[in-house]
Amino acid sequence: MMNPMQQERELRKQEAAEIAERIGAPCSDDAGIEAYRQVIRAARQPVADQLPADFAEQVARLVNADEEVGFLDRWLPMIAAGIMLIAGVFSSAGMLGGALVEATAAMSKLGLEQVPWSMLLPAGLALGLAAASEKVIAARWR
Amino acid sequence: MIDDLALVAAVQKSERGAFERLVRAHQGLVWHVLIRLVQHAEDARDLSQETFLRVHQRLSQYRGDSPLAGWIGRIAYHIGVRHLQRKRIPLESELGEDGEQDVLAGIAGEVDVEGAHADQQVMDLLGRGMQRLSPMQRMLLTLYHLEELGIAEIAGITGQPEGTIKNSLFRARHRLRQMLEPKLEVA
């Protein structure tokens, strides 16, 4: 371990070596400064291994391929959802029609054919809303 | 900085060749950060690629308030550090100064500095010595002396205080110099 004075001395030598290297000064008489100059020269040596010459091109190609896949990723689910929605509307319209016919027949059997839809619909909505509110309140207090 | 913003805007508009230009402009820095941290060419190549893919994903987060090089260097540094953590390789040396000196002295013993190719041998010796330094010290020496980045720029990349960077650089150079010392005295 260096004491503070040694540390300060070494730091000055490192700074002197850095300046000498930058300006291309001739060799110094101080062996310490010369050793640091060699250390700096070694640190400036290019790294032996390098990236391939076409690295930038390769990465750009990868990004472009990703963007194309990303475009399909974004739009394919939306198109599929649209098709499913249209199919769902058509099939549920058929089912709803059948259910209405059955409901009307059941009501006429019970003698309720005189009750207007305009009264049944709000009553059904109110019951549904009450059931939903009960669930929300129960979930909050759980 | 204006050039950086123009280049980023061009990439975001998917202008032809813009991203390739961005990679070419910064691949040297990314390579030096990663090869010095991980010291394994194949891993460093994969991590360089990962860095630029992440740069592309996050480019909208670049605000232009600092140079693009530093922003990209920071991403490379974090990817490199995460790789070292996964491999359980410490970023800073766990050996004390004496322990590291023993490792370096072992290399120094193999070199004949009085021979005909003394200069080249000393360079080789120091090159091997650098490889034995901690990943952080190797990277700092390369960023400072080879990439010629300032202390503030390096601090921006690593997120460490400038004083810590200066101290690490000082210790790295001193260790390498100590490795040379006995050989130069004999010569």
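Values below: every heavy atom of this structure, side chains too, minus hydrogens, waters and symmetry copies. Being a predicted model, the structure only gives us computed values, none of them experimental.
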**Student:** Taking all atoms of both residues into account, what is the closest heavy-atom pair of B:W31 and B:S48, and its distance?
**Tutor:** CE3-OG, 3.7 Å

**Student:** Name the member of B:H56, B:K166, B:H32, B:R24 that forms the most heavy-atom pairs with chain A at distances under 4.5 Å.
**Tutor:** B:H56

**Student:** Side chain, backbone, both or neither: which part of A:Q14 has a non-hydrogen atom closer than 4.5 Å to chain B?
**Tutor:** side chain

**Student:** Using a 4.5 angstrom heavy-atom cutoff, name the option from B:E147, B:E148, B:M123 with the most pairs to chain A.
**Tutor:** B:M123

**Student:** Using a 4.5 Å cut-off on heavy atoms from C-beta on, say whether the side chain of B:M136 contacts that of B:Q160.
**Tutor:** yes

**Student:** Can you tell me if CZ on B:R16 sees more than 12 non-hydrogen neighbours from other groups inside 6.0 Å?
**Tutor:** no

**Student:** Please determine, among A:Q50, A:R41, A:Q45, the option with the most heavy-atom pairs under 4.5 Å with chain B.
**Tutor:** A:Q50

**Student:** Tell me whether the rings of B:Y62 and B:W71 are parallel (<30°), tilted (30 to 60°) or perpendicular (>60°).
**Tutor:** tilted

**Student:** Given the options A:K13, A:Q7, A:Q58, which has more heavy-atom pairs under 4.5 Å with chain B than any of the others?
**Tutor:** A:Q7

**Student:** Where does B:R36 contact chain A at under 4.5 Å (heavy atoms): side chain, backbone, both or neither?
**Tutor:** side chain

**Student:** Under a single-linkage definition using a 4.5 Å side-chain heavy-atom cutoff for Ile, Leu, Val, Met, Phe, Trp and Tyr, are B:L141 and B:Y77 assigned to the same hydrophobic cluster?
**Tutor:** yes

**Student:** What option among B:Y144, B:F19, B:F170 has the most heavy-atom pairs under 4.5 Å with chain A?
**Tutor:** B:F170

**Student:** Shorter than 4.5 Å, heavy atoms on both sides: which option in A:L62, A:V39, A:L11 has the most such pairs with chain B?
**Tutor:** A:V39

**Student:** So which of B:R173, B:Q27, B:Q49, B:R45 has the biggest tally of heavy-atom pairs under 4.5 Å with chain A?
**Tutor:** B:R173

**Student:** So, the side chain of A:R44 versus the backbone of B:L146: is there a donor-acceptor pair under 3.5 Å, distance only?
**Tutor:** no

**Student:** Which bit of A:E18 comes within less than 4.5 Å of chain B, counting heavy atoms only: side chain, backbone, both or neither?
**Tutor:** side chain

**Student:** Distance only, no hydrogens: is a donor on one side chain within 3.5 Å (strictly under) of an acceptor on the other, for B:H26 and B:R21?
**Tutor:** no

